[in-house]
There are 2 protein chains.
Amino acid sequence: MTPAATAAGTRDLPHPARDDIRLEDVLHALSDPVRLRIVRDLAADSDALFSCSHFDLPVTKSTTTHHFRVLRESGVIRQTYRGTAKMNGLRRDDLDVLFPGLLDALLAAAARQAARVGTG
Amino acid sequence: MTPAATAAGTRDLPHPARDDIRLEDVLHALSDPVRLRIVRDLAADSDALFSCSHFDLPVTKSTTTHHFRVLRESGVIRQTYRGTAKMNGLRRDDLDVLFPGLLDALLAAAARQAARVGTG
DNA sequence: CGGCTCGTACGATAGCCCTCGTAGTACGGC
DNA sequence: GCCGTACTACGAGGGCTATCGTACGAGCCG
């Protein structure tokens, strides 16, 4: 009902401000295998936005919603409605300002482990 | 009672092998403020080994033991007995081989946040 | 309008985790 | 040998979390 939300069915979702993003929350969000995989997939095509249903995760839809919310509330991803779909994208810009090099190091570490163990 | 442990009171503690260290476990270990602080303190004097009681943590001794064990079992620190004291050191060598640049990025991120928020 | 798909909300359950207190073990010094 | 120090083990409690099922709202298409 907010005047800003009147435009083209764009419901807003609560995101933490950049300065409210805490490192512990980011690390906790990424310490779950399902969420780490989501972030890796999002980073693969960094510019593209994927809907929640685009991912093939070994959990139900309810749990998927939960994981995406954890990622959003920790400041790792940005979610915007596009019609009935919810598009997800990394908050790479904000994370790079707050913690330069961290995201790349994390993604590289995840990729390295996936190649080593075969979990990706 | 093992023959190897007979030498000079060196009780052994179970550490994960380098190839058994999992990124998710490392991130989970570091997602706790107390443990993140321990790691930051250990990294400050990277060569030195500190006993558990060296740290001034806002938790009891039992909880401190618990946190050090989580850090050890996740592969972040190495613990060795030295008489009655237990010396702690970062496993920087192993972590750098597994995840190059990750530890430095994490420490830099933690330092940056501490400077920003004043939690350090 | 009717139905379809996408995602949410709510409740429930089970497991994990942080915290602590108390009791106990290992080592060093007197 | 005895005591103090450093740390551990065990058990308990309280809270968070991951997971699910079911029921529901929001937008699109015919």
Side-chain angles (χ1 to χ4, degrees), chain A residues 1-2 5-15 22 24-39 49-74 76-89, chain B residues 1-2 5-15 22 24-39 49-74 76-89:
Chain A
M1 279 304 182
T2 59
T6 342
T10 316
R11 286 170 290 171
D12 285 352
L13 288 163
H15 290 74
R22 299 288 261 115
E24 296 91 326
D25 296 337
V26 172
L27 297 182
H28 171 247
L30 267 45
S31 70
D32 183 283
V34 176
R35 292 194 291 260
L36 184 58
R37 172 172 176 168
I38 292 173
V39 170
L49 296 178
F50 293 113
S51 71
C52 291
S53 59
H54 174 264
F55 299 86
D56 189 29
L57 302 173
V59 291
T60 66
K61 245 188 320 179
S62 310
T63 309
T64 301
T65 297
H66 161 69
H67 283 310
F68 274 104
R69 183 169 49 182
V70 172
L71 286 171
R72 186 188 72 237
E73 291 179 346
S74 66
V76 177
I77 68 171
R78 189 178 286 117
Q79 295 189 298
T80 49
Y81 278 107
R82 179 162 187 158
T84 159
K86 193 160 69 171
M87 309 310 282
N88 303 278
Chain B
M1 276 302 182
T2 60
T6 343
T10 315
R11 286 170 290 170
D12 285 349
L13 288 164
H15 289 75
R22 302 285 264 115
E24 295 91 324
D25 297 337
V26 172
L27 297 183
H28 171 247
L30 267 45
S31 70
D32 183 282
V34 176
R35 291 194 291 260
L36 185 57
R37 172 173 176 168
I38 292 174
V39 170
L49 297 178
F50 293 112
S51 71
C52 291
S53 57
H54 173 264
F55 298 87
D56 188 30
L57 301 173
V59 291
T60 65
K61 246 188 315 184
S62 309
T63 307
T64 301
T65 298
H66 162 69
H67 283 310
F68 274 104
R69 182 170 49 181
V70 171
L71 286 172
R72 186 188 72 237
E73 292 180 345
S74 66
V76 176
I77 68 171
R78 190 178 286 116
Q79 295 189 297
T80 50
Y81 278 106
R82 179 162 188 156
T84 160
K86 192 159 70 170
M87 308 310 280
N88 302 277

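Below, read A as the first sequence line, B as the second, and so on, with proteins coming before strands; counting in each chain starts at 1.
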Which donor-acceptor pairs under 3.5 Å do the side chains of residues 52-63 of chain A make with protein atoms, sequence neighbours left out?
from    : atom 1 : to      : atom 2 : distance (Å)
A:Ser53 : OG     : A:Ser51 : OG     : 3.3
A:Thr60 : OG1    : A:Thr63 : OG1    : 3.3

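- The structure places CG of B:Leu27 at 11.0 Å from CZ of B:Arg22, a figure rounded to the nearest 0.5 Å.
- Residues forming a side-chain hydrogen bond (donor to acceptor under 3.5 Å, both in side chains) with A:Arg37 (at least two apart in sequence, or on another chain): none.
- Between the CZ atom of A:Arg69 and the C1' atom of D:dC20 there is a distance of 14 Å, given to the nearest Å.
- The side-chain heavy atoms of A:Leu30 and A:Leu71, taken from C-beta on, include a pair separated by under 4.5 Å.
- Distance alone, capped at 3.5 Å, places no donor-acceptor pair between the A:Asn88 side chain and the A:Gln79 backbone.
- Put simply, A:Thr84 has no side-chain N or O that comes within less than 4.0 Å of OP1 or OP2 on C:dG7.
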For nucleotides 21-23 of chain D, list the nitrogen or oxygen atoms of the protein found under 3.5 Å from its nitrogen or oxygen atoms, one pair per line.
from   : atom 1 : to      : atom 2 : distance (Å)
D:dG21 : N7     : A:Ser62 : OG     : 3.2
D:dG21 : O6     : A:Ser62 : OG     : 2.9
D:dT22 : O4     : A:Ser62 : OG     : 3.3

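- Spacing between atom OH of A:Tyr81 and atom P of D:dG25 amounts to 14 Å, rounded to whole angstrom units.
- What separates CZ of A:Phe50 from P of C:dG7 is a distance of 13 Å, to the nearest Å.
- As rounded to whole Å, 13 Å separates atom C1' of D:dA6 from atom CD of B:Gln79.
- Residues A:Val26 and A:Ser74 share a closest heavy-atom pair of CG2-O, 3.7 Å.
- For the segment residues 31-38 of chain B, residues with any heavy atom less than 4.0 angstrom from an atom of DNA chain C are, sorted by number, B:Asp32, B:Arg35.
- For DNA chain C, the neighbouring residues in residues 51-58 of chain A, judged by any heavy atom under 4.0 Å, are A:Ser51, A:Cys52, A:Ser53.
- When all heavy atoms of B:Ile38 and B:His67 are compared, the closest pair comes out as CD1-CB, 4.4 Å.
- Spacing between atom NE2 of B:His66 and atom P of C:dC18 amounts to 4 Å, rounded to whole angstrom units.
- Put simply, CE on A:Met87 is 12 Å from P on C:dC6, counting in whole angstrom units.
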Nucleotides 14-16 of chain D: which of its N/O atoms have a protein N/O under 3.5 Å away?
none

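- The side chain of B:His67 contributes an N or O atom lying less than 4.0 Å from OP1 or OP2 of C:dT19.
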Q. Run the side chain to side chain contact (heavy atoms under 4.5 Å, CB included) check on A:Glu24 and B:Arg35 step by step: do they pass?
A. CA-CA 10 Å; A:Glu24 296 91 326; B:Arg35 291 194 291 260; over 6 Å; no
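- One can place CG of A:Leu13 at 13 Å from C1' of D:dA26, the figure rounded to the nearest angstrom.
- Distance CG (B:Leu49) to P (D:dA6): 17 Å, rounded to an integer number of Å.
- Here CZ of A:Arg72 is found 12.5 Å from CZ of A:Arg78. Values are rounded to the nearest 0.5 Å.
- Here CZ of A:Arg69 is found 12.0 Å from CD1 of A:Ile77. Values are rounded to the nearest 0.5 Å.
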